[in-house]
Amino acid sequence: MRLLDAPASAGDDPRAQLYIVDHLAPGAVITRRVEVSNATVSTARIALYSSAAAIVNGLFVGAARDTANDLSTWTAVTPDVANVAAGGRSIATVTIAVPADAAPGEQYGVVWAEVRSAPSAGGGLTQVSRVGIRLYVSVGSGGPPPAEFTIDSLTARRSPAGVPSIVADVHNTGGRALDLGGSVQLTAGPGGLNAGPFPVDLGVTLAIGTTEPITVAFDQALPSGPWQVVITLHSGLVERTARASIVFPEVGAGAPVKTSGSSRNGWSLVTPFGVAVVLIASTLFVRRRRRVRRRTRHASVSRHLGPKRPAFGAGSRMGP
């Protein structure tokens, strides 16, 4: 099962290519197309429906049929049953109609494609297989709440079997749930060794306001360190990088190490006051450069039209 449509405003967001992720005002209605493929050797009768979902201990958990929440009651799938031939495909439309009196906040749900085995004559077990597409729908007026997170600390561990790992404590400080992935790089190790970057497919969903540990394991042969660790995590278009110095213990867990971090563009730690200072400094620098250029041009002209005048005295400098 895969999503065929995404909002035009989320064209660069890889998360919106996989899941239905949107911010809707009360009373809004959206439609999205989904495609169901049958990779078996016989025709499949596929039921299509919406159900509730929740984020539990870092996992996005979709509920089974007949489990409802607000979002699932707002969501309809057409058609609700598709007979898909072997190797064939079917397209369905998902419609989400938010009531005019819907409360603000983020809702979670899932659109399931379900196949059930035929019941045996004497009763017994029925086999149920489901695949689904997640729904992340934020309700409220105005623009969507910002997505944001911090990587607060790194803890070096070594299992009794000798496998080293790093545990990152990640805190969701924004107003949207996050699906995290990323990479880890180890630098400045013993003898100048570097390792990575290692792609990290974490599969962790971080609920609003929660902190979850994210564990990245390494090869058993990795030296104890010290290492400089650079961990980069992302959810959709939001990316954050944190750095810390760690040493892997002989066994067990070391003390958590606070990280220093920044966003992908290096501005996450700049306050509005800091932005103002940078802008003022940039303006002064440009003005100073212009004055220097005017003096230099004047000095050049003076060499041709009059007495030679030095553009700068000994020890002069540009800037404060």
Side-chain angles (χ1 to χ4, degrees), residues 1-10 13 15-37 44-84 90-116 126-147 172 174-179 204-210 235-236:
M1 190 176 190
R2 69 187 183 100
L3 182 65
L4 297 179
D5 301 320
S9 60
D13 186 347
R15 193 165 171 255
Q17 313 304 315
L18 299 175
Y19 315 128
I20 297 178
V21 182
D22 218 323
H23 175 73
L24 303 176
V29 178
I30 63 167
T31 59
R32 298 285 185 268
R33 295 177 305 146
V34 297
E35 181 185 83
V36 182
S37 302
R45 179 179 172 84
I46 302 174
L48 299 163
Y49 61 93
S50 64
S51 189
I55 300 172
V56 182
N57 297 326
L59 298 176
F60 189 98
V61 180
R65 183 189 283 272
D66 300 327
T67 304
N69 65 0
D70 287 346
L71 180 55
S72 71
T73 64
W74 305 341
T75 306
V77 187
T78 307
D80 58 359
V81 175
N83 293 307
V84 184
S90 179
I91 294 177
T93 299
V94 178
T95 302
I96 302 175
V98 181
D101 60 351
E106 189 166 63
Q107 301 267 353
Y108 310 115
V110 62
V111 172
W112 287 122
E114 177 185 287
V115 176
R116 289 176 176 258
T126 299
Q127 183 178 355
V128 179
S129 297
R130 299 186 185 94
V131 293
I133 292 177
R134 304 179 186 187
L135 311 178
Y136 298 84
V137 176
S138 171
V139 177
S141 58
N172 185 344
R176 304 298 301 267
L178 305 169
D179 293 299
V204 174
T205 299
L206 202 58
I208 298 170
T210 63
S235 175

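The chain is numbered in sequence order, starting from 1.
- Partners of S129 according to the side chain to side chain contact (heavy atoms under 4.5 Å, CB included) rule, which considers only residues two or more places apart in sequence or in another chain, are Q127.
- In this view, Y19 satisfies the side chain to side chain donor-acceptor pair (under 3.5 Å) rule with no residue, not counting sequence neighbours.
- Here S72 pairs with N69 under the side chain to side chain donor-acceptor pair (under 3.5 Å) rule; sequence neighbours left out.
- In this view, V115 and I46 satisfy the side chain to side chain contact (heavy atoms under 4.5 Å, CB included) rule, not counting sequence neighbours.
- Taking 4.5 Å as the limit, every side-chain heavy atom of V128 sits out of range of all side-chain heavy atoms of R65.
- Interatomic distance, L135 CG to T75 OG1, rounded to the nearest 0.5 Å: 5.5 Å.
- Residues satisfying the side chain to side chain contact (heavy atoms under 4.5 Å, CB included) criterion with A76, sequence neighbours excluded, are absent altogether.
- In terms of heavy atoms, I55 sits closest to A177 at CD1-CB, 3.6 Å.
- Two residues are said to be in side-chain contact when any heavy atoms from C-beta on lie closer than 4.5 Å; V111 and M1 meet this criterion.
- Between G175 and I208, the shortest heavy-atom contact is O-CD1, 3.3 Å.
- For D70, there are no salt bridge (Lys or Arg N to Asp or Glu O under 4.0 Å) partners at least two apart in sequence or on another chain.
- A 4.5 Å side-chain heavy-atom check between W74 and V139 finds at least one atom pair inside the cut-off.
- Not counting sequence neighbours, the partners of L4 by the side chain to side chain contact (heavy atoms under 4.5 Å, CB included) test are R2, R33, E35, I91.
- Nearest heavy-atom pair, A82 versus L48, reported as atom, atom and distance to 0.1 Å: CB-CD1, 4.5 Å.
- Every residue two or more places apart in sequence or in another chain was checked for a side chain to side chain donor-acceptor pair (under 3.5 Å) with R45, and none qualifies.
- Expressed to the nearest 0.5 Å, how far CH2 of W112 lies from CD1 of I133 amounts to 11.0 Å.
- Closest heavy-atom contact between G140 and H23: O-NE2, 3.1 Å.
- Across L24 and A28, no two heavy atoms sit closer than the pair CB-CB, 4.1 Å.
- For the side chain to side chain donor-acceptor pair (under 3.5 Å) test, residues two or more places apart in sequence or in another chain that qualify with T205 are R134, D179.
- Residues passing the salt bridge (Lys or Arg N to Asp or Glu O under 4.0 Å) test with E106 are R176, sequence neighbours excluded.
- Between the OG atom of S50 and the CG atom of L71 there is a distance of 7.5 Å, given to the nearest 0.5 Å.
- Under the ring pair (Phe, Tyr, Trp, His ring centres under 6.0 Å) criterion, Y108 pairs with Y136, not counting sequence neighbours.
- Heavy atoms only, all atoms of each residue included: G62 and A53 are closest at CA-CB, 4.0 Å.
- A 4.5 Å side-chain heavy-atom check between I96 and I20 finds at least one atom pair inside the cut-off.
- Distance check, rounded to the nearest 0.5 Å: CD of E114 to OG of S51 gives 9.5 Å.
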